[in-house]
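Order of the sequence lines sets the chain letters (A, B, ...), proteins ahead of strands, with each chain counted from 1.
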4 protein chains.
Amino acid sequence: MKKREVLTSIKDEKLIVERRNQMIKGAVTLFKEKGFHRTTTREIAKAAGFSIGTLYEYIQSKEDVLYLVCDNIYDEVRERLEEMVVDRYTISELQQAIQHYFKVVDELQDEVLVMYQEAKSLSKDALPYVLKKELDMVEMFKVIIEGCVENNQFALTDKEISLFAHHLFVQGQMWAFRRWWLQKHYSLEEYTNMQLDFLLKNFSFQQLCEGETV
Amino acid sequence: MKKREVLTSIKDEKLIVERRNQMIKGAVTLFKEKGFHRTTTREIAKAAGFSIGTLYEYIQSKEDVLYLVCDNIYDEVRERLEEMVVDRYTISELQQAIQHYFKVVDELQDEVLVMYQEAKSLSKDALPYVLKKELDMVEMFKVIIEGCVENNQFALTDKEISLFAHHLFVQGQMWAFRRWWLQKHYSLEEYTNMQLDFLLKNFSFQQLCEGETV
Amino acid sequence: MKKREVLTSIKDEKLIVERRNQMIKGAVTLFKEKGFHRTTTREIAKAAGFSIGTLYEYIQSKEDVLYLVCDNIYDEVRERLEEMVVDRYTISELQQAIQHYFKVVDELQDEVLVMYQEAKSLSKDALPYVLKKELDMVEMFKVIIEGCVENNQFALTDKEISLFAHHLFVQGQMWAFRRWWLQKHYSLEEYTNMQLDFLLKNFSFQQLCEGETV
Amino acid sequence: MKKREVLTSIKDEKLIVERRNQMIKGAVTLFKEKGFHRTTTREIAKAAGFSIGTLYEYIQSKEDVLYLVCDNIYDEVRERLEEMVVDRYTISELQQAIQHYFKVVDELQDEVLVMYQEAKSLSKDALPYVLKKELDMVEMFKVIIEGCVENNQFALTDKEISLFAHHLFVQGQMWAFRRWWLQKHYSLEEYTNMQLDFLLKNFSFQQLCEGETV
DNA sequence: TATGAATGAGAATTCATTCAT
DNA sequence: GATGAATGAATTCTCATTCAT
């Protein structure tokens, strides 16, 4: 899927990147605080540090800002996820990947929340592109899980692998979108450990059973 | 927490209920389609079958409609959840409860989605009340899980029980809010079975271990 | 050609007519003074005697105002033209019709000018409808001229009749759109007489020739 | 009337002429297509082949472009009209002049139309100057007609001569501004011949009458 | 109670013009 | 001389809310 272009009348590529970053930064703060719809374009321009006229030199409509924000957050999360090095495909590595992912969500929780709550306001045009990015990230988990399965760490059918990947992904997001309750009652470490514990028991059980059957 | 009152200038209680139900019904359809912010009060009035003037006889602001809608959806989901009869607190009963809950989510998925996506637009005033309702529902799961633990079906700490309840609750919602992917690849039955399978293995493992240690 | 509808959210038909008339009256004055593009919707609303919000209850876009104005002016001119009673189809009657038409243009010259100068700003959608109205008026002249021809007042081919009708029509408008010069140098009467004189000589000549050839 | 100056910050006279010609050429195309008000300065600059900054080096305001365009079109039309050589002041020469004028209008019809429709948007400042140019052109016809009268080709009072000149001028423009109808039904030749026929009958009649009275 | 016309603050977007490079 | 990024006043249009009938 080709990247959806946001049109601009500015020619200086470097400037486009710079201004859009300012814009995104300001917008995230505002969206976080009051949501996309309650944020005005003037507020976005102001938060970005330039005039409303300048804002519109870099985008075509307010929705473009939302798109840029979502796009950017996905890239940020993804980039952070790609830090994980997984090569041996053991349960232990999966565990580390999950820990890493939860940590990333925790650090970028405002962004994750914004993306989560506002993505639905994207136009029919932009939505598929953003959903594609989400699936790409889910895919990263899928690859790890598949690796573990191939590596006989545990047994899962293809359908189970996919669902499990989604499941993990949502479990991470959950730390952000239910923070109003979770973060009042658990530390990130507690949350991570409890979720991991739950998952790993499962796989240990599998291994145990296999061991027994032998 | 006392129910947040939505003021009205109408005396006839029965009329209030009737009109509000019309209003909620119309609003859910509209919110589902275009979201709270993109829906106008005129559209809500029209969908409800009366005039904009009448709408404002029964509410004080547009946000009241959102509140009524969210409130109503929670009540509806809750009502459906209360159909479950749990008295013996066995794993099998927990399993049935989950199955029932997933079915309810599936049947009310539009409503669940609306609530899920629009609740954040509630005012600081109304939000706590709605979150309270959500916690009440989570509590229903907690009670069942606690019962099972007391009943030695499996062992969990208090913190684990709470998290598990939330986890289940989100897993159900997930069927609605990720339907763009899940429902393309799985039937409700598949989804339910796979999730249950995963949970139950876990508990079976516990029982197995316990059995062994004895 | 069906009348192009201008959408409104108002139900009271009488009110629509009343408000639109206020709107048209105000708009004509403003368009006359500064043209369509330099007139703002707020000015139109103010000139009409109501708020900008009310203005938009009766139209959908600024262009609707222009359409209503043009439409209205055509109707007004046409109505005035229909006062002419032509039944004997003599040169003398044609002459009277022309005199009447020139008088109407003179009386409605602001309107004629507005229509003349702003019609081109109508959307591709509305333009054909307005041009149709113009042709309808040209047709009125054509009918008279045709009658005269059938009545042997003078001889013209069909193509000549059409052109002559357009010619007369433009000659009338000319009194309005070149008023910056014409009305400084001629009275309406002078203008009318001179133009008539010119035309009638022509037809007298024909009759004379025919007389001679016989 | 002195030529209205359009200020510029550029010293190089040749460059001024060159850039302005580019500008005018681009602007005519755009004005033709969407009118003065709907054309942006950026579009003009682009069509002219240079930047918006450069555009403003050669003019002071958008309206200057309109003025330059109108001025230029008049010059162009005038230049073409001056090709006509009239020296004997006969009806036949008048006829040729008219034919030539109609041909010029036909060839420059886009320009004539632009001038016709947009001149009214000129400021109070520039308008008189442009109207003066128009009168100058009318004057060219007046000179020919006067010559003919002096030459006893036909008899007209001074007032009639002026009106006749305007009349001819408008008749030519009419071919452009009513092209939506005329050019669908007549070729330029037909149109010219019919209009000439009409005029000349008139004068022939005069001559005939004069002949008779002698 | 019900209606729907009226209101106007507020929002997105445009675009002529400027000015530093 | 040329460029094009920056500006913000101005404009169109929307829509929640009110209130007279």
Side-chain angles (χ1 to χ4, degrees), chain A residues 8-12 15-16 18-19 37-45 49-65, chain B residues 8-12 15-16 19 37-46 49-65, chain C residues 8-12 15-16 18-19 37-45 49-65, chain D residues 8-12 15-16 19 37-46 49-65:
Chain A
T8 167
S9 57
I10 302 299
K11 301 188 171 177
D12 185 334
L15 211 46
I16 295 177
E18 190 191 328
R19 293 276 176 273
H37 284 103
R38 293 201 217 270
T39 301
T40 69
T41 51
R42 298 192 112 84
E43 287 171 321
I44 296 169
F50 37 72
S51 71
I52 182 66
T54 300
L55 180 73
Y56 274 90
E57 293 284 315
Y58 292 88
I59 54 162
Q60 289 211 297
S61 75
K62 188 184 172 188
E63 211 232 274
D64 281 347
V65 181
Chain B
T8 166
S9 57
I10 305 298
K11 308 289 166 209
D12 185 338
L15 209 48
I16 297 178
R19 292 275 178 271
H37 283 104
R38 295 200 216 270
T39 301
T40 68
T41 51
R42 285 165 120 110
E43 288 171 321
I44 295 169
K46 194 175 177 189
F50 38 71
S51 72
I52 181 68
T54 301
L55 182 75
Y56 273 85
E57 294 288 323
Y58 292 89
I59 54 162
Q60 288 210 296
S61 77
K62 186 184 174 189
E63 211 229 272
D64 281 348
V65 181
Chain C
T8 167
S9 58
I10 303 298
K11 300 187 171 180
D12 185 334
L15 211 46
I16 296 177
E18 191 191 326
R19 292 276 175 274
H37 283 103
R38 294 200 216 270
T39 301
T40 70
T41 52
R42 296 192 116 82
E43 287 171 321
I44 295 169
F50 38 70
S51 71
I52 182 68
T54 300
L55 180 73
Y56 274 90
E57 292 283 314
Y58 291 89
I59 54 163
Q60 289 211 299
S61 75
K62 188 184 172 188
E63 210 231 274
D64 281 347
V65 181
Chain D
T8 165
S9 57
I10 306 299
K11 310 288 167 211
D12 185 337
L15 209 47
I16 297 178
R19 292 275 178 271
H37 284 103
R38 295 200 216 270
T39 301
T40 68
T41 50
R42 285 163 119 110
E43 287 171 321
I44 296 169
K46 195 174 176 188
F50 38 70
S51 73
I52 182 68
T54 301
L55 182 74
Y56 272 86
E57 294 287 323
Y58 293 89
I59 55 161
Q60 288 210 296
S61 77
K62 186 185 174 189
E63 212 229 271
D64 282 347
V65 181

What closest approach, in Å, do A:L55 and A:A45 show between heavy atoms, and which atom pair accounts for it? CB-CB, 4.1 Å
In whole angstrom, give the distance that lies between atom OH of C:Y58 and atom C1' of F:dT12. 20 Å
Measure from CZ on A:R42 to C1' on E:dT13 and round the result to the nearest Å. 9 Å
Applying salt bridge (charged side-chain N to carboxylate O under 4.0 Å, His left out), name anything that partners A:E18, two or more places apart in sequence or on another chain. none
Output the rounded distance in Å from CD (C:E63) to P (F:dT11). 19 Å
How many angstroms lie between CG in B:D64 and OG1 in B:T41, if you round to the nearest 0.5 Å? 12.0 Å
Dot-bracket assigned to DNA chain F with the 3.5 Å Watson-Crick/G-U criterion, [ ] for crossing and | for other-strand pairs, is .||||||||||||||||||||
Stretch residues 50-57 of chain C: residues that reach within less than 4.0 Å of DNA chain E through a heavy atom: C:F50, C:S51, C:I52, C:G53, C:T54, C:E57
Looking at CD1 of C:I59 and CD1 of C:I44, how far apart are the two atoms once the value is rounded to the nearest 0.5 Å? 7.0 Å
Give the nucleotide from the list F:dA16, F:dA2, F:dT12 with an atom nearest to the side chain of C:T41. F:dT12
Given F:dC13, E:dA6, F:dT11, which nucleotide is nearest the side-chain atoms of C:T40? F:dT11
Please determine whether a side-chain nitrogen of the Lys or Arg among B:R42 and C:E57 lies less than 4.0 Å from a carboxylate oxygen of the Asp or Glu. yes
What is the distance, rounded to the nearest whole Å, between atom NE2 of C:H37 and atom P of E:dT14? 15 Å
How far does CG of D:L15 sit from CD1 of D:I10, to the nearest 0.5 angstrom? 6.5 Å
Residue pair C:G49/A:Q60 against DNA chain E: nearer the 5' end by closest nucleotide is C:G49
Would you give the length of the straight line joining atom CZ of B:R19 to atom OG1 of B:T8, rounded to the nearest 0.5 angstrom? 11.0 Å
What nucleotide, of E:dT1, F:dA6, E:dA6, holds the atom closest to the side chain of B:I10? E:dT1
If you measure from NZ on B:K11 to CD1 on B:I16, what distance do you get to the nearest 0.5 Å? 8.5 Å
I need the CG-P distance between A:L15 and F:dT3, as an integer number of Å. 18 Å
Describe the nucleic acid contact of D:S61 in one word from base, sugar-phosphate, nothing, applying a heavy-atom distance below 4.0 Å. sugar-phosphate
Please find the pair of heavy atoms, one from C:R38 and one from C:E43, that lie closest to each other, and give the distance. O-OE1, 3.8 Å
Starting at CZ of B:R38 and ending at P of F:dA16, how long is that distance when rounded to a whole Å? 13 Å
Within the 4.0 Å heavy-atom criterion, would you say C:T8 contacts the bases, only the backbone, or no part of the nucleic acid? nothing
May I have the distance from D:K46 (atom NZ) to F:dG4 (atom P), rounded to whole angstrom? 12 Å
Between C1' of F:dA5 and CZ of A:R19, the distance in whole Å: 8 Å
